[in-house]
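Numbered from 1 within each chain, the chains take letters A, B, ... in sequence-line order. Keep in mind it's a predicted model, so treat the numbers as computed, not measured.
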Amino acid sequence: MAHLTQYIYIISAALFILSLKWMNHPASSRRGVIAGGLGMVLAILGTFIGFPGADGVGIGFVHNWPWIITAFVIGTVVGVPIAYIMPMTAVPQRTALSHACGALAAALVGTAEFYQRQPHAETELRAFIMVALVIETLLGYLTFTGSLMAMGKLQEVLPQRPITYRNQNAVNFLLFAIAAGLAIRLAIVPTDTFLFPIFAALALLFGVLLIIPIGGADMPTVIAILNSYAGLSACAMGFVLNSRLLVVAGALDGSSGLILSIIMCKAMNRSFTNVLFGAFGQVQMSTGKAEQRTYRSASAEEAASVLEAASSVIIVPGYGLAVAQAQHKIRELYDSLTRRGVDVKFGIHPVAGRMPGHMNVLMAEADIPYDKLVEMDEINGDFPQCDVALVIGANDVTNPKARTDKGSPIYGMPILDVDKARTVMVIKRSMNPGFAGIDNDLYYMDKTLMLFGDAKAFVSELIKELPARVAA
Amino acid sequence: MAHLTQYIYIISAALFILSLKWMNHPASSRRGVIAGGLGMVLAILGTFIGFPGADGVGIGFVHNWPWIITAFVIGTVVGVPIAYIMPMTAVPQRTALSHACGALAAALVGTAEFYQRQPHAETELRAFIMVALVIETLLGYLTFTGSLMAMGKLQEVLPQRPITYRNQNAVNFLLFAIAAGLAIRLAIVPTDTFLFPIFAALALLFGVLLIIPIGGADMPTVIAILNSYAGLSACAMGFVLNSRLLVVAGALDGSSGLILSIIMCKAMNRSFTNVLFGAFGQVQMSTGKAEQRTYRSASAEEAASVLEAASSVIIVPGYGLAVAQAQHKIRELYDSLTRRGVDVKFGIHPVAGRMPGHMNVLMAEADIPYDKLVEMDEINGDFPQCDVALVIGANDVTNPKARTDKGSPIYGMPILDVDKARTVMVIKRSMNPGFAGIDNDLYYMDKTLMLFGDAKAFVSELIKELPARVAA
Amino acid sequence: MPTDLELELFVFMLATFLGLEIIRKVSPLLHTPLMSLTNAISAISVVGAILVTGAAGATFLSKVLGFIAITAVVTNIVSGFLITDRMVKMFKRREEKK
Amino acid sequence: MPTDLELELFVFMLATFLGLEIIRKVSPLLHTPLMSLTNAISAISVVGAILVTGAAGATFLSKVLGFIAITAVVTNIVSGFLITDRMVKMFKRREEKK
Ligand SMILES: NC(=O)c1ccc[n+]([C@@H]2O[C@H](COP(=O)([O-])OP(=O)(O)OC[C@H]3O[C@@H](n4cnc5c(N)ncnc54)[C@H](OP(=O)(O)O)[C@@H]3O)[C@@H](O)[C@H]2O)c1
Ligand SMILES: NC(=O)c1ccc[n+]([C@@H]2O[C@H](COP(=O)([O-])OP(=O)(O)OC[C@H]3O[C@@H](n4cnc5c(N)ncnc54)[C@H](OP(=O)(O)O)[C@@H]3O)[C@@H](O)[C@H]2O)c1
């Protein structure tokens, strides 16, 4: 039976790979999810089938069934509602929570193995196994608390702004150095069991301290990095348990997190270190105040008449749309304009919203066909020929300062060229700056109309105005 | 030391992977070749270092140094001149030859292992090892003779046309069935040593029979398939010797051959089975004769005046260019036209020539910058705006029948839309058909000028005419 | 003969290269579902959690830690695959209704 | 514990996926050098040939077959890498001379 398990694991790993491969296109993505789920079910069944006997080899029986079954039942009972009740706007928080769960599990398994193997420390906690084990638990515990902090910030339970104090980086570094020192000591002398709880506590603390100086708006990047850590932790578990399946799944997760964080950093024109140690949001917040400048604002009625006269409209959604949960209203607006023969497209910036691809999911949730969601590089050529660019709750990703003002904190970040459209309309609640805390020159252009109000409420009004005008 | 070897092997495998990765662009391709070479040197050194002792484990010494060193010296002495003397037009033949060498080596190693391990057959020729071993030798021997046949056909030592006889596929199948039967028997009873030579002989024979019914022009696809077999054979050797490095390198080679043959089949709109069992070339050869149709031909002088009047020219190279070795002359033509302010580009069809990418190598050899070599899908949009399409030794890849004539053997094959250019000029020696053996409607169009002559000679004349006309 | 460490390192190297290649090709449209999918897949640590909890000689500590671990990852598996499925189902090319 | 076969199958599966991903991305410009490069890489069977020839108890047959095998693959290694290098060096973006 143990051999059968190995073959099942090979199939399971292949399914995980196919699963990610099929995510390369929406048309095959559902197949991808099913392949992944099947791989997981096979892996679990395979593990039960191939359970080693008391002597560590051959056919055996799973012990402690009640514990295992209860845990499976609880996990399922908790998991199903999370999946179905969670609104799409809360996906970033849910992702952070599940990183926390995954990392905790890895850390706890590592801890259990550490104590369980003590009686045979000589053979079963050899140097390389201990190295893998301390990496597993270190990453596991710090990702656990780090992800919880990230979740708190995204859910706005914790303060969004970075919390900084003097010598913060030095303190963090010192803490990390102590934890690393203990880890090395444990790897050399695995029988020093009393050091383990201290090591674990330091890792947990370090996870908290690592996140508090990072602003709420940087949480998406942090989540991707924590994703990577959680994957590496599962990978390390694979080294401890000598399981290739774990190594492969962990490595896939690790590389995914790495690539997503690189994509995000690039789209924001920032470096890893800047995200992790920059306390970016806070510093800029204060530079927002400039001399009084004039802008034009308009009512929903006026805006509706502009939209109606247009033959092509590009809608640019941003973080404010997610906050206002306006996706379904936007779909109504899209329908209503399309019915009038207006050509409507969506310009999606890679870091609009609070997670890479976040806007795509929200628009898809509202049943907007995905071929209307156009990536930044592709849509930028279309703005000069477009009659109206309608910006809804987006700010930084449309700021022309990124192109021109070398002193600006967002200088060099690629943006949507909204300012090249014939007319620009911006729905937001005030003249307040966005995440980067800087003024947006777009709002002061002659061709720009500011539409003040909550995204959802304003779009509803727009929709109401549109048919009225047709009747007239 | 044996452990060091394992780490060296990991690095070596990583270098092979990087090597292929860097082939994704000409700018990094040299780095790719160097990485591959480095990986190979490391692997060889690692093997010497980690040689197992007489007991099969631990540090040991390499025996039979004189044999090994002599073999290395001979291999090097033979290999260097091949690399430097081989003209680029003969690359397909060289590739076939090297597949033969690689496959032979795999087959011989498998054979040696088979006899060497006989005394310990019980433990060292267990079922799975024998399965791998017979796969290794079967693929190795048949690829060896198959590749030699392919080389003979490409070098035109052997007749190009397919050799067919009644019940050919049945005979081949029977032969293969016997070989497979012996293989199974050997896998079950590895001590039946007398069966092995029969098995090997059948595999060698099968390689010959497999290739003779395939036409010379299909050899490129055959070579890619044999490439795949050679890789799989190395892979099987990895299973026999329990070496992951061999498994990885073999799998990389195997997938490369597979993908290249798929690309070629797609570009010809044919299936694998059609290539392997279709005896394609011969059947069509006879359908070439049609009623007399009129065409216009022109002299080099007239052609030169047309070229000079043009402001944009697309040159379409084909198999005839390789035959005539005209690549350097074409470079001169390119220079001369460019100097006159004519915009010159090259339209490269994926299966022009005798190997995928063959035309690119020839053009690169003549120092034509690779950004002027445009792939089919990209250049097809440019033909309608192009003054002159100059076809040099290409035929099938420009035949409009592929688009229109459902009965044509090349129907559905994507072609270069040469017929959409304002003027078409075709350099070839006669009105004879190309590989597919069918008439080319292109030649009978009103806007087409036939330029009869050997590609190299005719282009030389063209070049001579060009400056003369400027002076006039 | 290679040790376990050497084997696992080899596998790790291959899987990392593969992961980087594959993820780089994922459509930007799907980056959010991708994140929840990889997260669900990394819940493969359920294998380790089962091994720890179900082992013949599992101590009480192992059972408790393993129990928490299984609960946590099964939550991830269930919610991860289901929510990813919910997300990708939303992506439609042409509008079906109306 | 997994057997050798199971380990190698795992590695084979990974390497095949990786190969397919990577090769698919190779520029069509470079398909000819790609073929000679993979061919040179598959000459890694030199490792097997050395093991056969250099083994302590190698029979005369093993030595002869191994000798031929080494000669054949070393030819492939040397000519394969050198000719590929010659080819890729030819690919230039801008013309240097003149
Ligand atoms: N997506 C990612 O992966 C990611 C990762 C890290 C960082 N970020 C950062 O997040 C930012 C995203 O840019 P963005 O343009 O989408 O957002 P933004 O620059 O943060 O601007 C959002 C705008 O929405 C408005 N808003 C808020 N609530 C609203 C409501 N209920 N109704 C209408 N408007 C509302 C706000 O203006 P008012 O207050 O005036 O209404 C604000 O100016 C970028 O700076 C990016 O670097 C994103
Ligand atoms: N590249 C690959 O990977 C590959 C693989 C498999 C099959 N193929 C097949 O090979 C064919 C390639 O198409 P192609 O258009 O390049 O070649 P083609 O259709 O074979 O035509 C070559 C033409 O070149 C002319 N020619 C021969 N020697 C010449 C010389 N010395 N000077 C001038 N012209 C000469 C011949 O006409 P004259 O005799 O009148 O001079 C012939 O019509 C396709 O049918 C393709 O399917 C290619």
Side-chain angles (χ1 to χ4, degrees), chain A residues 16 20-21 23-26 29-30 33 36-37 40 47 54 62-64 67-68 71-72 74-76 78-79 82-83 95 98 101-102 104-106 108-109 111-112 115-116 128 231 234 237 239 241-242 244 247-249 251-253 255-256 259 355-358 360-361 364-365 369-371, chain C residues 4-5 8 11-12 15-16 19-20 22-32 34-39 41-45 47-50 52-54 56 61-63 65-79 81-85 87-88 90-95:
Chain A
F16 290 154
L20 294 181
K21 233 175 105 61
M23 292 302 276
N24 65 357
H25 194 276
S29 58
R30 194 112 201 257
V33 178
M40 188 59 76
T47 308
V62 188
H63 293 75
N64 312 316
W67 294 78
I68 295 178
F72 265 86
I74 298 179
T76 311
V78 176
I82 292 184
T95 309
S98 77
C101 287
L104 177 67
L108 293 183
V109 170
T111 308
Y115 287 106
Q116 183 81 35
F128 108 72
M237 190 197 289
F239 279 87
L241 299 175
N242 191 18
R244 278 144 303 286
V247 171
V248 169
L252 292 176
D253 195 31
S255 32
S256 158
I259 287 191
M355 213 177 156
H358 195 185
N360 293 308
V361 172
E365 186 194 4
Y370 64 76
D371 40 1
Chain C
D4 290 345
L5 171 63
E8 302 299 347
V11 169
F12 179 66
T16 306
L20 294 176
I22 289 183
I23 304 284
R24 219 187 301 260
K25 274 199 218 155
V26 170
S27 158
L29 270 178
L30 297 173
H31 277 163
T32 294
L34 170 70
M35 227 184 208
S36 60
L37 182 64
T38 53
N39 193 254
I41 288 177
S42 79
I44 187 67
S45 40
V47 168
I50 295 175
V52 159
T53 321
L61 179 69
S62 287
K63 282 187 268 189
L65 296 181
F67 174 81
I68 304 176
I70 296 182
T71 312
V73 280
V74 170
T75 310
N76 268 4
I77 293 174
V78 172
S79 69
F81 283 111
L82 289 180
I83 207 169
T84 313
D85 194 46
M87 279 189 248
V88 298
M90 291 170 180
F91 285 89
K92 297 188 196 76
R93 181 184 291 274
R94 299 272 160 247
E95 304 150 68

Review point. Heavy-atom distance under 4.5 Å between the side chains of A/N242 and C/E8, does that happen here?
Key: yes

Review point. Of the listed residues (C/I50, C/V11, C/V73), which shares the most heavy-atom pairs with chain A below a 4.5 Å separation?
Key: C/I50

Practice item. Under 4.5 Å, counting heavy-atom pairs only, tell me which of C/V78, C/L65, C/L29 racks up the most with chain A. Key: C/L29

Review point. Taking all non-hydrogen atoms of both residues, which atom of C/T71 and which atom of A/A71 are closest, and how far apart?
Key: OG1-CB, 3.5 Å

Exercise for review: Could you look at A/F128 and say if it's the side chain, the backbone, both or neither that has a heavy atom under 4.5 Å from chain C?
Suggested key: side chain

Revision key, fill the gap. d(A/R30 CZ, C/D85 CG) to nearest 0.5 Å is 4.0 Å

Exercise for review: Could you grab the distance from atom CE of C/M90 to atom OG of A/S29, nearest 0.5 Å is fine?
Suggested key: 12.0 Å

Study note, to complete from the structure: Minimal heavy-atom distance between C/T32 and A/P356, with the atoms involved, is OG1-O, 2.7 Å

Practice item. Heavy-atom pairs under 4.5 Å with chain A are the metric here; pick the option from C/T53, C/I68, C/L5 that has the most. Key: C/L5

**Study point:** Flag side-chain contact, heavy atom, 4.5 Å: C/L30 against A/N360
**Key:** no

Point to revise | From C/I44 atom CD1 to A/F16 atom CZ, the distance as rounded to the nearest 0.5 Å | key: 4.0 Å

Point to revise | Winner by heavy-atom pair count (cut-off under 4.5 Å) against chain C, out of A/A83, A/G357, A/G102 | key: A/A83

Review point. Of the non-hydrogen atoms in A/P26 and C/F91, which two are nearest, and what is the gap between them?
Key: CB-CB, 4.1 Å

Review point. If you measure only the distance, is there a donor-acceptor pair under 3.5 Å linking the side chains of C/S27 and A/N24?
Key: no

Point to revise | CD1 on C/I22 to OG on A/S256, rounded to 0.5 Å | key: 11.0 Å

Study note, to complete from the structure: The interface call for A/F72 against chain C, heavy-atom contacts under 4.5 Å, is both

Exercise for review: Please flag which part of C/L61 lies under 4.5 Å from any non-hydrogen atom of chain A: side chain, backbone, both or neither.
Suggested key: side chain

**Study point:** Heavy-atom side-chain contact between C/T75 and A/I82 under 4.5 Å
**Key:** yes

Review point. Considering only heavy atoms, which portion of A/M23 lies under 4.5 Å from any heavy atom of chain C: side chain, backbone, both, or neither?
Key: both

**Study point:** Spacing of A/T95 atom OG1 and C/M35 atom CE [to the nearest 0.5 Å]
**Key:** 6.5 Å

Revision key, fill the gap. One option among A/V361, A/V78, A/L252 has the most heavy-atom pairs under 4.5 Å with chain C, and it is A/V361

Review point. Do the side-chain N and O atoms of A/D253 and C/T38 include a donor-acceptor pair separated by under 3.5 angstrom?
Key: yes

Practice item. Side chain from CB out, backbone as N, CA, C, O: work out which of these in C/I77 comes under 4.5 Å of a heavy atom of chain A, or both, or neither. Key: side chain

Revision key, fill the gap. Scored by heavy-atom pairs under 4.5 Å with chain A, the best of C/L37, C/T84, C/I41 is C/I41

Check your understanding: Which pair of non-hydrogen atoms, one from C/L20 and one from A/S255, has the smallest distance, and what is that distance?
Key -> CD2-CB, 3.4 Å

Practice item. Counting only heavy atoms closer than 4.5 Å, note whether A/I259 contacts chain C via side chain, backbone, both or neither. Key: side chain

Check your understanding: Any side-chain heavy atom of A/L20 within less than 4.5 Å of one from C/V26?
Key -> no

Review point. Yes or no on side chain to side chain contact (heavy atoms under 4.5 Å, CB included) for C/S45 and A/V109, after CA distance, side-chain angles and deciding distance?
Key: CA-CA 9 Å; C/S45 40; A/V109 170; 5.9 Å; no

Review point. What closest approach, in Å, do A/A251 and C/T16 show between heavy atoms, and which atom pair accounts for it?
Key: CB-OG1, 3.8 Å

Check your understanding: Which pair of heavy atoms, one from A/A105 and one from C/A69, lies closest together, and at what distance?
Key -> CB-O, 3.7 Å

Check your understanding: If we only count heavy atoms from C-beta on, is the C/F67 to A/I74 side-chain gap below 4.5 Å?
Key -> yes

